[in-house]
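Just below is one structure, and these are the notes that go with it.
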Amino acid sequence: MKNDGGRRVEIRDIEIFLTLAQELHFGRTAERLHVSPARVTQSVKKQERRIGALLFDRTTRAVRLTPAGQQLYRELDAGYRQIMDGIETVSAAARGISGTLTLGCMGPHPWAVADAIELFRTRHPGAEVQIREIQPPAPLEAVRAGDVDVSLVWLPVDGADLTVGPLVHTAPVLLMLSAEHALAARQSIGLEDLGDCVIIAGQSISETMDAAFNPLRTPSGRPIRRGPRAATWHEILHLVASGQGAAGVSAEAADFYPWPSLAFVPIQDAPACRWALVWRTAAETPMIAAFARAAADAISARPNRNPSKADVHADVST
């Protein structure tokens, strides 16, 4: 950007400011931008000297935007994205990104990446995204077999052969069970209650991924029994609806599958489920990298990521 009597603003400094305004955490900002925490601090102090006002209130425990910081975020965010979209569009044309990217999703989950797909298509008019359904009982099978280029799955993901990309969304965990089950009328349950349930088992799923929804033991150590095995999501639905078992699910399942024979009960002490894009490390292509960039940019632009709209605090310890 232009030199204005020593008041020059670098694109990198704008990127650091916007990222810190979203993360509200110096360590995570540095990690996301592949710079040192000292570089983040130096950039912020430089901008505060240039503007003549504090942009962040920071203590040993929390970081938050000041009113001046909130105003600067609003001013810079839209312009920065226009610049980067333009750069990405020209760069994509130079790289010749075209063809079809196959994205594996479970049931209704394409909604979670609709904004990413739209941005990717805008940046790369010669590219298309094809959705292919993948199954929760075998969440990584399709991407490892090469049947899809990228999959949207929940974390954690096992295996050094896979790259974990942008975090797409998080959701509470519910227990899906028959409407006739003894727990179905409860407003909420705890993980300890799973010791009174039979859980539908998957076909090809690691213990760590399964445990994100269906732990093997309750907090007190009681084993959580496994029941019939299911090969597809709809098999899980029918087994649960018929009273043959229960299953932990992401909260959006209650919105998309409101069957009269099913009940969805929040598990109040279960950690939130995190969904991310994954792909085979050895099979990464410029198209996959471009889609991951589009997803990261679309996600950071979502309204609930705008710190000017919420009084957000975050732990700044690394």
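Values in this document were obtained by computation on a predicted structure and should not be read as measured data.
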Self-check item: Flag side-chain contact, heavy atom, 4.5 Å: R39 against L33
Solution: no

Quiz item: What distance separates R274 CZ from H169 NE2, expressed to the nearest 0.5 Å?
Solution: 12.0 Å

Self-check item: From CA spacing to verdict: side chain to side chain contact (heavy atoms under 4.5 Å, CB included), L167, W275
Solution: CA-CA 6 Å; L167 183 69; W275 293 81; 5.7 Å; no

Practice problem: State the CG-CZ distance between L103 and F120, to the nearest 0.5 angstrom. | Solution: 10.0 Å

Practice problem: Apply side chain to side chain contact (heavy atoms under 4.5 Å, CB included) to the pair V63 and D57, showing each step before the final yes or no. | Solution: CA-CA 6 Å; V63 172; D57 285 328; over 6 Å; no

Quiz item: Going by distance alone, is a donor N or O of one side chain under 3.5 Å from an acceptor N or O of the other, for Q268 and S188?
Solution: yes

Quiz item: Hey, are E180 and S178 close enough side-chain-wise for a donor-acceptor pair under 3.5 Å?
Solution: no

Practice problem: Give every residue pair that meets the salt bridge (charged side-chain N to carboxylate O under 4.0 Å, His left out) criterion with at least one member in residues 137-160, sequence neighbours excluded. | Solution: R144-D161

Quiz prompt | Within residues 276-287 or reaching into it, pairs that qualify as salt bridge (charged side-chain N to carboxylate O under 4.0 Å, His left out) - sequence neighbours excluded | solution = none

Quiz item: Is there a donor in the side chain of T19 and an acceptor in the side chain of T29, or the other way round, less than 3.5 Å apart?
Solution: no

Self-check item: Contact summary for A68 and L54, nearest pair of heavy atoms
Solution: CB-O, 3.7 Å

Side-chain donor-acceptor pairs of residues 109-118 under 3.5 Å, sequence neighbours excluded:
from, atom 1, to, atom 2, distance (Å)
H109, ND1, M106, O, 3.0
H109, NE2, E252, OE2, 2.5
W111, NE1, P108, O, 3.4
D115, OD1, R302, NH2, 3.2
D115, OD2, R302, NE, 2.8
D115, OD2, R302, NH2, 3.4

Exercise. Please round to the nearest 0.5 Å and tell me the distance separating atom CG of L277 and atom CD1 of I299.
Key: 6.5 Å

Self-check item: side chain to side chain contact (heavy atoms under 4.5 Å, CB included) between L101 and Q130, worked out
Solution: CA-CA 6 Å; L101 180 136; Q130 178 183 16; over 6 Å; no

Quiz prompt | R229 side chain reached by L239 side chain, heavy atoms, under 4.5 Å | solution = no

Exercise. Output yes when a side-chain donor or acceptor of H124 lies under 3.5 Å from a complementary backbone atom of G126, and no otherwise.
Key: no

Quiz item: Roughly how far apart are L140 CG and S206 OG, rounded to 0.5 Å?
Solution: 7.0 Å

Practice problem: To the nearest 0.5 Å, tell me how far F291 CZ sits from T285 OG1. | Solution: 11.5 Å

Self-check item: Cationic N near anionic O, under 4.0 Å, E48 to R58
Solution: yes

Practice problem: Would you check, one step at a time, whether the test side chain to side chain contact (heavy atoms under 4.5 Å, CB included) holds for H238 with E235? | Solution: CA-CA 5 Å; H238 285 289; E235 285 184 13; 6.0 Å; no

Quiz item: Would L177 end up clustered with V249 when hydrophobic side chains under 4.5 Å apart are linked, directly or stepwise?
Solution: no

Quiz item: Do the non-hydrogen side-chain atoms of I131 and V129 ever get within less than 4.5 Å of each other?
Solution: yes

Exercise. Check I236 against P137 and note the closest heavy-atom contact, atom names and distance.
Key: CD1-CG, 3.8 Å

Practice problem: Kindly say whether the aromatic ring centers of Y257 and W233 come within a distance under 6.0 Å. | Solution: yes

Quiz item: How far does CG of N214 sit from CD1 of I267, to the nearest 0.5 angstrom?
Solution: 7.5 Å

Quiz item: Is there a donor-acceptor pair under 3.5 Å between the side chain of S300 and the backbone N or O of D297?
Solution: yes

Quiz item: Closest heavy-atom contact between V143 and S151?
Solution: CB-OG, 3.6 Å

Quiz item: With side chains defined as the heavy atoms from C-beta onward, is the minimum distance between P215 and I224 less than 4.5 Å?
Solution: yes

Practice problem: Check whether any side-chain heavy atom of F56 sits under 4.5 Å from a side-chain heavy atom of L20, and report yes or no. | Solution: yes

Self-check item: Residues which pass side chain to side chain contact (heavy atoms under 4.5 Å, CB included) with A182, listed by chain and number, not counting sequence neighbours
Solution: none

Quiz item: Would R28 and E31 pass as an ion pair if we require N to O under 4.0 Å?
Solution: no

Practice problem: Mind running salt bridge (Lys or Arg N to Asp or Glu O under 4.0 Å) on R50 and D13 for me, showing each step along the way? | Solution: CA-CA 12 Å; R50 187 183 71 83; D13 289 324; over 6 Å; no

Can I get a per-line list of side-chain donor-acceptor pairs under 3.5 Å for residues 189-205, giving both atom names and the distance, sequence neighbours left out?
from, atom 1, to, atom 2, distance (Å)
E192, OE1, T218, OG1, 3.2
E192, OE1, S220, N, 3.0
E192, OE1, S220, OG, 3.2
E192, OE2, T218, OG1, 2.9
E192, OE2, S220, OG, 2.5
E192, OE2, R222, NE, 3.2
D193, OD2, R186, NH2, 3.2
D193, OD2, G190, N, 2.9
D196, OD1, R222, NH1, 3.1

Quiz item: Could you give all pairs that pass the ring pair (Phe, Tyr, Trp, His ring centres under 6.0 Å) test and reach residues 176-217, with sequence neighbours left out?
Solution: W154-F213

